[in-house]
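Worksheet: the structure to be examined is printed underneath.
Side chains included, hydrogens not; waters and symmetry mates left out as well; all remaining heavy atoms used. Numbers here are sequence positions counted from 1.
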Amino acid sequence: MKKIIATALSMTMAMSLAACGGGAASSAAPAASSAPAASQASAPAASDGVITVGFAQVGHESDWRTASTKSAQDVFSAANGYDLKFVDCDNDSAAQLEAVRNFIEQDVDYIIIDPIVSTGWDTVLTECEDAGIPVIVIDRTIDDSDKYVSWVGSDFKIEGLACGEWLKAYAADKGMSEINALVIEGSTGASATIGRTDGFKEIADREGWNIMASQSGDFTEAGGQEVMESYCQSYKGKFNVVICQNDNEAAGAMTAMDNAGITYGVGGDVVLVSFDANKPYVQMVCDGKINANFECNPMAAPTVSEIIQDLEAGKTPEKEIYVPEHWFAAEDNVPSIDVNGETLEVIHATQDVVDARPY
């Protein structure tokens, strides 16, 4: 079955890429709405029984990652007609390559990869292709190979741009004449880190803001606290914005600022911004501890299941699929922002909004 899928897919993808200019990345921003919800995956239309899926996950470094893993485990369940082979790669790139090769040896039907880093993939993806196993990439991107069926995830640069545009509008409303920002980046080399960093920096450069320092907190609470403690020692009294590239880093940064006697959030000395928008952190936005939070939707698994169903039916899925995302703010003074010519809603994080969050 999978050899037939792979052969048909390579022919249809070749025609599709020729028609759309080689499958270049879309610049369209994800749509925003005030009522996010996770879609449900139905059982695949397999003719030969259970579908075996191997999933090489980045690790367990954050609440976001936990939500991503749970989504996959819920969707790729026995009740839905799947057998999930799951490997937590613990942020070890070599272990992730080994996991994918083990999936090939196990002759799984499909492989899902959330790549720890964006390069070094062409050889192992060629091995998947030679074995006739379709690969679906989620969340982070692969930059040195296109030998995968589809990528499902977020436009990380749009997230960074949205953060910058929101900060511009917020600062104008609050009468902030200068922006002196400290950035706690994610894991070095991760596409989420690159996109959010580049997007925010583009707005900062355009507006003449001062990015005083930008260091990796490795997407962990401990990393965020360590970097913020260093920042508090070096820049105390000099900064008024902290950008954390995920929620766990924001938690660490808050601990460090609490210990240093620096206030943040609504009415504080520092505007605190986060990414991911896990439910506990949207609650912190609602409570005024975090000024704004830009969602990175971890619920890719239902879309991946739909891709697998399409492949089982002999259809060709889209090369890139963006999941819907939403922006949240503690105050309602910036109801919308313009990003790349598109107006996007900024949701005021009331308790009702928090209670409706799916993760």
If you measure only the distance, is there a donor-acceptor pair under 3.5 Å linking the side chains of [X] and [Y]?
X      : Y      : answer
Asp173 : Asn333 : yes
Gln106 : Asn102 : no
Glu129 : Tyr148 : no
Thr197 : Gln245 : yes
Glu249 : Gln225 : no
Asn180 : Tyr235 : no
Glu185 : Ser216 : no
Asp143 : Thr119 : no
Thr126 : Lys147 : yes
Ser150 : Glu318 : no
Tyr110 : Thr52  : no

Measure across [X] and [Y] and return the closest heavy-atom pair with its distance rounded to 0.1 Å.
X      : Y      : result
Phe239 : Met228 : CZ-CE, 3.7 Å
Val75  : Ser305 : CG1-CB, 3.7 Å
Ser77  : Asp74  : OG-O, 3.4 Å
Ala300 : Val152 : CB-CG1, 4.0 Å
Val285 : Asn293 : CG2-CB, 3.7 Å

Has [X] got a side-chain atom pairing as donor or acceptor with [Y]'s backbone, closer than 3.5 angstrom?
X      : Y      : result
Ser145 : Ile142 : no
Trp64  : Cys296 : yes
Ser118 : Ala190 : no
Glu165 : Val339 : no
Thr193 : Gly189 : no
Asp88  : Asp90  : yes
Asp218 : Thr220 : no
His348 : Phe328 : no

Using a strict cut-off of less than 4.0 Å between a Lys/Arg side-chain nitrogen and an Asp/Glu carboxylate oxygen, indicate whether Lys168 and Asp338 qualify as a salt bridge.
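Answer for the salt bridge query: no.
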Do Arg357 and Asp355 sit within salt-bridge range, that is, some charged N less than 4.0 Å from a carboxylate O?
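The answer is no: the pair does not qualify as a salt bridge.
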[Y] side chain reached by [X] side chain, heavy atoms, under 4.5 Å:
X      : Y      : value
Val87  : Gln57  : no
Val53  : Val108 : no
Ser62  : Asp247 : no
Gln96  : Ile113 : yes
Leu84  : Gln73  : yes
Met299 : Tyr359 : yes
Phe76  : Ile308 : yes
Gln215 : Ile184 : no

Using the rule side chain to side chain contact (heavy atoms under 4.5 Å, CB included), only one of Leu125, Val135, Val124 pairs with Ile111; which is it?
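Testing Ile111 for a side chain to side chain contact (heavy atoms under 4.5 Å, CB included) against Leu125, Val135, Val124 leaves exactly one candidate, Val135.
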When Ile138 is tested against each of Asp114, Thr303, Val323, Ile321 for side chain to side chain contact (heavy atoms under 4.5 Å, CB included), which residue passes?
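Answer after filtering Asp114, Thr303, Val323, Ile321: Asp114.
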Calculate, to the nearest 0.5 Å, the distance between atoms [atom1] and [atom2] belonging to [X] and [Y] respectively.
X      : Y      : atom1 : atom2 : result
Leu311 : Gln309 : CG    : CD    : 10.5 Å
Cys128 : Ile133 : SG    : CD1   : 6.0 Å
Ser93  : Ile116 : OG    : CD1   : 4.5 Å
Cys163 : Tyr170 : SG    : OH    : 13.0 Å
Phe219 : Thr188 : CZ    : OG1   : 9.5 Å
Glu178 : Glu207 : CD    : CD    : 14.0 Å

Out of curiosity, does [Y] fall in the hydrophobic cluster containing [X] (side-chain heavy atoms, cut-off under 4.5 Å, transitive links)?
X      : Y      : result
Tyr231 : Val242 : yes
Met257 : Met284 : yes
Phe103 : Trp151 : yes
Val227 : Leu272 : yes
Val334 : Leu344 : yes

Given Asn291 and Tyr264, is the side-chain hydrogen bond (donor to acceptor under 3.5 Å, both in side chains) satisfied, shown in steps?
CA-CA 8 Å; Asn291 295 86; Tyr264 50 85; over 6 Å; no
Within a radius of less than 6.0 Å around [atom1] of [X], do more than 12 heavy atoms belonging to other residues, nucleotides or ligands occur?
X      : atom1 : answer
Glu226 : CD    : no
Lys238 : NZ    : no
Lys279 : NZ    : yes

What's the verdict on side chain to side chain contact (heavy atoms under 4.5 Å, CB included) for Ile307 and Asp310, showing C-alpha distance, side-chain angles and the deciding distance?
CA-CA 5 Å; Ile307 291 169; Asp310 283 346; 5.6 Å; no
Ring-ring centroid check Trp166 Phe200, cutoff 6.0 Å
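Between Phe200 and Trp166, which both carry aromatic rings, the centre distance is not below 6.0 Å.
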Under the criterion side chain to side chain contact (heavy atoms under 4.5 Å, CB included), I'd like the reasoning laid out for Thr69 against Phe86: C-alpha separation, chi angles, the key distance, then a yes or no.
CA-CA 9 Å; Thr69 295; Phe86 176 80; 3.5 Å; yes
Before giving the answer on salt bridge (charged side-chain N to carboxylate O under 4.0 Å, His left out), spell out for Lys85 and Asp109 the whole-Å C-alpha distance, their side-chain angles and the decisive distance to 0.1 Å.
CA-CA 11 Å; Lys85 310 291 186 183; Asp109 296 309; over 6 Å; no
As a quick check of understanding, evaluate side chain to side chain contact (heavy atoms under 4.5 Å, CB included) for Met212 and Ser234, giving each step before the final call.
CA-CA 10 Å; Met212 306 179 75; Ser234 300; over 6 Å; no
Please work out whether the ring planes of Phe294 and Phe275 are parallel, tilted or perpendicular, with thresholds of 30° and 60°.
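Rings of Phe294 and Phe275: tilted, 30 to 60°.
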